[in-house]
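Lettering follows sequence order; numbering is per chain, from 1.
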There are 2 protein chains.
Amino acid sequence: MPADLDTVFSALADPTRRRILSMLLEDDMAVSDVADPFEMSLAAISKHLVILAGAGLITQEKRGRVKWCKLEPDALRDASIWMQSFGQFEAVNLDAFEAFLERELPSDG
Amino acid sequence: MPADLDTVFSALADPTRRRILSMLLEDDMAVSDVADPFEMSLAAISKHLVILAGAGLITQEKRGRVKWCKLEPDALRDASIWMQSFGQFEAVNLDAFEAFLERELPSDG
DNA sequence: TATATCATCAACCATATGGTTGAATATGGG
DNA sequence: CCCATATTCAACCATATGGTTGATGATATA
């Protein structure tokens, strides 16, 4: 049951949450390791993770006292499809795509 | 100068605004015609249009006393590209796409 | 000119959002 | 058992968001 578009798009609207997602592209992470590079409280990050999980963009699994966060890229599917319905733009230009990632991923996801 | 991802995603997070975008897929529209099918004030719709314009998703041009609204689908490009960076999902399945449009476009865009 | 129409502005309101801090709740290790 | 670690909870705060209404500013038309 995919989260609705409201939930997914508003989850994606926050730069902290997008940055978390891009961190999770590398590997699954514990909550406190997700929080480490941010200059905000662990509680704040914990709330962001709840929002990402509510949107289905991540899942969380507790093992011992550590809660692991895992990216769930499929949750982007419906939103992506929705965007393609406005897709008078041609299929993504791969050069532009790589340049974009180079530019955006390090800081903002 | 494309609007940033924050702006685009939060513009897309509201169902009224997505519905407006799907109406504009059909044709350019005047502000009051956009407002017609909604059960909310013209002023509220006017604010939504300002937000869509701020995200670059539409442009507005005043001719006489009528302000025309036009969809600008290119503004979705960066956001779409960003989403594809999480694109472990394969290229959009066209059957699923059409089913999705059938399901979503009439009410919610 | 007088009047109606198109759209925005300004002030206001309720609720949501994103952050804080300190206490509480597991769980693991010595 | 005792203590440290991992995470969330609860209360709070400032600001943002999405709506309302009534006034206002342009423009078209009789």
Side-chain angles (χ1 to χ4, degrees), chain A residues 3-24 27-71 107-109, chain B residues 3-24 27-71 107-109:
Chain A
D4 60 37
L5 293 174
D6 287 26
T7 310
V8 172
F9 280 128
S10 58
L12 294 177
D14 183 277
T16 298
R17 289 193 289 265
R18 290 198 307 279
R19 191 172 151 200
I20 290 173
L21 291 178
S22 66
M23 289 165 60
L24 291 175
D27 208 350
D28 300 356
M29 295 178 79
V31 171
S32 22
D33 291 333
V34 170
D36 248 7
F38 293 92
E39 294 187 339
M40 79 180 63
S41 69
L42 181 59
I45 296 296
S46 176
K47 284 190 197 175
H48 281 303
L49 291 170
V50 166
I51 290 169
L52 288 170
L57 292 164
I58 66 169
T59 49
Q60 296 182 287
E61 181 198 356
K62 195 169 181 182
R63 285 207 299 276
R65 45 182 180 182
V66 174
K67 200 166 189 178
W68 292 90
C69 305
K70 176 177 165 45
L71 191 64
S107 57
D108 189 33
Chain B
D4 59 38
L5 293 173
D6 286 28
T7 311
V8 172
F9 281 128
S10 58
L12 294 177
D14 184 276
T16 298
R17 289 194 290 265
R18 289 198 308 279
R19 190 171 152 200
I20 290 174
L21 292 178
S22 67
M23 290 165 60
L24 292 175
D27 208 350
D28 299 356
M29 296 178 78
V31 171
S32 23
D33 292 333
V34 171
D36 248 6
F38 293 93
E39 294 187 338
M40 79 180 64
S41 69
L42 181 58
I45 296 297
S46 175
K47 284 190 197 177
H48 280 303
L49 291 169
V50 166
I51 289 169
L52 288 170
L57 292 164
I58 66 168
T59 49
Q60 295 182 287
E61 181 197 358
K62 193 169 183 183
R63 285 207 299 275
R65 51 183 175 178
V66 174
K67 200 167 189 179
W68 292 91
C69 305
K70 176 177 164 45
L71 191 65
S107 56
D108 189 33

*Please name the pair of heavy atoms, one in B/Met23 and one in B/Asp33, separated by the smallest distance, quoted to 0.1 Å.*
CE-O, 4.2 Å

_Side-chain donor or acceptor of B/Arg17 paired with backbone N/O of B/Ala11 under 3.5 Å_ = yes

*pair A/Arg63-A/Trp68: side-chain heavy atoms closer than 4.5 Å*: yes

*asked:* Let's see if you can work this out: which of D/dT8, C/dA7, D/dG19 has an atom nearest to the side-chain heavy atoms of B/Lys67?
replied: C/dA7

_Side chain of B/Ser32 (C-beta onward), nearest among C/dT20, C/dC6, D/dT20_ = C/dC6

*Find the distance B/Asp36:CG to C/dC6:P and express it as a whole number of Å.*
10 Å

*Can you tell if the side chain of A/Leu57 reaches within under 4.5 Å of the side chain of A/Leu24, non-hydrogen atoms only?*
no

*Specify the separation, in whole Å, of atom CZ of B/Phe38 and atom P of D/dT20.*
12 Å

_Looking at A/Ser46, I'd like to know whether one of its side-chain N or O atoms comes within less than 4.0 Å of OP1 or OP2 on D/dT7._
no

Which atoms of nucleotides 27-30 of chain D (N or O only) lie under 3.5 Å from a protein N or O atom, and what are those distances?
none

*Within less than 4.0 Å of OP1 or OP2 of C/dG19, is there a side-chain N or O belonging to A/Ser41?*
no

*asked:* Whole angstroms only, please: what is the CD1-P distance between A/Ile51 and C/dT17?
replied: 7 Å

*Can you tell me how far P of C/dT20 sits from NE2 of A/His48, to the nearest Å?*
9 Å

*asked:* Any non-hydrogen side-chain atom of A/Glu61 less than 4.5 Å from a side-chain atom of A/Cys69?
replied: no

*Give the rounded distance in Å between these two atoms: CG of B/Leu42 and P of C/dT8.*
7 Å

*Please tell me if the side chains of B/Ile45 and B/Lys47 come closer than 4.5 Å, counting only heavy atoms from C-beta onward.*
no

*Rounded to the nearest Å, what distance is computed from the CD atom of residue A/Glu39 to the P atom of nucleotide C/dG18?*
19 Å

*Which part of the nucleic acid, if any, lies within reach of B/Ala43 when heavy atoms closer than 4.0 Å are counted: base, sugar-phosphate only, or nothing?*
base

*Please report the shortest heavy-atom distance between A/Gln60 and A/Ile58, naming the atom on each side.*
CG-CD1, 4.1 Å

*Nearest-Å distance, CD (A/Gln60) to C1' (D/dT7)?*
10 Å

*From the options D/dT20, C/dG18, D/dG18, select the nucleotide whose nearest atom is closest to the side chain of B/Asp14.*
D/dG18

*Atom-to-atom span, CG of A/Leu12 to C1' of C/dG18 - whole angstrom*: 17 Å

*C/dG18, C/dA7, D/dG19: which one has an atom nearest the side-chain heavy atoms of B/Met40?*
D/dG19

*asked:* Taking only side-chain N and O atoms of B/Lys47, does any of them lie within less than 4.0 angstrom of OP1 or OP2 on C/dT8?
replied: no

